[in-house]
Amino acid sequence: MPSSAIMHAMPHLGRHIRITKQTANIFTMIENEIAVRLGFFFGIFLLMAAWEIHAPKRALTVSKLLRWRSNLTLTLLNSILLRLLFPIAGTGMAIYAQSKGWGLFNWIETPSWLAVIVSILLLDLVIYWQHVMMHAFPVLWRLHRAHHADLDIDVTTGARFHPFEMLLSMLIKFAAITLLGAPALAVLIFEVILNAMAMFNHSNIRLPAALDQGLRKLIVTPDVHRVHHSAISQEMNSNFGFNLVIWDKLFRTYRDQPQAGHQNMTIGLREWRDTAICCRFINILIIPFRK
């Protein structure tokens, strides 16, 4: 090839190399994200499941086998759907946004550690408001009530969401990541924290009162979030946070204790108390379409 042709091809070759490297980075991050998230998921799940057996907070009212079979099948279905429809995942989206120069932290120079911390905090705030909106708008509530229809609350409830809600949640998350220009590391840490905290604060575990009071100054404990699963509407429309409790306190949606106490409160929805409707896999999928 003549030297002039080589010189002409150099910019295009460089661009191709950059694109190939960017693609490789995305796939490497995705592989790492899957490994990290699966490791934390199974570790936290097994820890909470064992804790529930050793020190349960409440006696369960429905067959654990029935609920776990349905809730975990739903979790598996959601995982497969999300990977098929959103193969690059949250961290991949963060890398892509960075390559395009999209978002706040790609527009302004910020120390990496500060961008990570602020991104985690703001993504948590987005999840809080997403949760509030799920209760506020009837069409969104139809999706979210599949989560609230569970007649007991334990570690598997933390992953029991209708597939349509999961898809919508992923789109909202992608939008937030893009607008923030959140670093990929921040997204990975946030995803791990969110999944771990969802299992922790839905768990049917008994914490010492002093420990619960200390933890709830910063994070959402199982006793805090259990109030949100009350069949009483005023209690259900409180304690929306999944991770940090500061948002509920800041926006005055925090409620300290359930009216009937944790042992006597009714979990689920007042209008649906039928085990077949609330706890069988196929019927959970139909819940958004029920009157």
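Just the heavy atoms: all of them, side chains too, but no hydrogens, waters or symmetry mates, feed the values below. Because the structure is predicted, anything quoted here is derived from the model rather than measured.
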So, [X] and [Y]: side-chain donor and acceptor under 3.5 Å apart, yes or no?
X	Y	answer
His262	Gln257	yes
His135	Asn237	yes
Thr266	Arg273	no
His202	His228	no

Problem set entry | Parallel, tilted or perpendicular, as decided by the 30° and 60° cut-offs, for the rings of His131 and Phe242 | tilted

For this session: Might you work through the side chain to side chain contact (heavy atoms under 4.5 Å, CB included) test for Asn78 and Met170, ending with a clear yes or no?
Result: CA-CA 11 Å; Asn78 286 336; Met170 184 60 80; over 6 Å; no

Quick check on the hydrophobic clustering: are [X] and [Y] connected, directly or via other members, by side-chain heavy-atom contacts under 4.5 Å?
X	Y	answer
Met134	Leu125	yes
Met133	Val139	yes
Val187	Leu85	yes
Met265	Leu207	no
Leu72	Met166	yes

[X] side, atom [atom1]; [Y] side, atom [atom2] - distance, nearest 0.5 Å:
X	Y	atom1	atom2	value
Thr156	Arg69	OG1	CZ	12.5 Å
Ile277	Ile287	CD1	CD1	8.0 Å
Asn243	Leu123	CG	CG	11.0 Å
Leu269	Ser233	CG	OG	11.0 Å
Leu215	Leu218	CG	CG	8.5 Å
Cys279	Asp274	SG	CG	9.0 Å

State, to 0.1 Å, how close [X] and [Y] come at their nearest heavy-atom pair, and which atoms those are.
X	Y	answer
Leu285	His162	O-NE2, 2.8 Å
Ile189	Ile120	CG2-CD1, 3.6 Å
Asp152	Val62	OD2-N, 2.9 Å
Val220	Asn201	O-CB, 3.4 Å
Arg58	Gln263	NH1-O, 3.5 Å
Ala115	Thr110	N-CG2, 4.0 Å

Exercise. Which one of Arg226, Lys249, Lys217, Arg216 satisfies the salt bridge (Lys or Arg N to Asp or Glu O under 4.0 Å) criterion with Asp256?
Worked result: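 In the set Arg226, Lys249, Lys217, Arg216, the residue that makes a salt bridge (Lys or Arg N to Asp or Glu O under 4.0 Å) with Asp256 is Arg216.
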
Pairwise side-chain contact, [X] with [Y], heavy-atom cut-off 4.5 Å (strictly under):
X	Y	value
Thr178	Lys100	no
Met93	Phe86	no
Phe240	Asp248	yes
Trp247	Val132	no
Phe40	Asn195	no
Ser70	Leu66	yes
Ser238	Val227	yes
Ser119	Pro183	yes

Does a sphere of radius 6.0 Å around [atom1] in [X] hold more than 12 heavy atoms from other residues, nucleotides or ligands, not counting ones at 6.0 Å or beyond?
X	atom1	answer
Gln259	CD	no
Phe41	CZ	yes
Arg280	CZ	no

Would you say [X]'s side chain and [Y]'s backbone share a donor-acceptor pair under 3.5 angstrom?
X	Y	result
Arg142	Pro288	yes
Arg160	Asn71	no
Trp107	Gly101	yes
Asp154	Ser203	no

Exercise. Do Trp51 and Asn204 pass the side-chain hydrogen bond (donor to acceptor under 3.5 Å, both in side chains) test, and can you show the C-alpha distance, the side-chain angles, and the key distance before you say yes or no?
Worked result: CA-CA 8 Å; Trp51 195 339; Asn204 182 34; over 6 Å; no

For this session: Could you walk me through whether Trp272 and Leu151 pass side chain to side chain contact (heavy atoms under 4.5 Å, CB included), step by step?
Result: CA-CA 9 Å; Trp272 291 339; Leu151 298 176; over 6 Å; no

Exercise. After noting the C-alpha distance and the side-chain angles of Leu140 and Leu168, does the key distance pass the side chain to side chain contact (heavy atoms under 4.5 Å, CB included) rule?
Worked result: CA-CA 10 Å; Leu140 298 180; Leu168 176 60; 3.6 Å; yes

Exercise. Stepwise, does the ring-ring contact (aromatic ring centres under 6.0 Å, His included) test hold for Tyr96 with Trp102?
Worked result: CA-CA 9 Å; Tyr96 185 73; Trp102 293 342; 5.6 Å; yes

For this session: Answer with yes or no after comparing the ring centroid distance for Trp68 and Phe281 against a 6.0 Å cut-off, counting only values under it.
Result: no

Exercise. So does Glu191 pair up with Lys173, basic N to acidic O under 4.0 Å?
Worked result: yes

For this session: Check step by step if side chain to side chain contact (heavy atoms under 4.5 Å, CB included) holds for Val36 and Val192.
Result: CA-CA 8 Å; Val36 170; Val192 168; 3.8 Å; yes

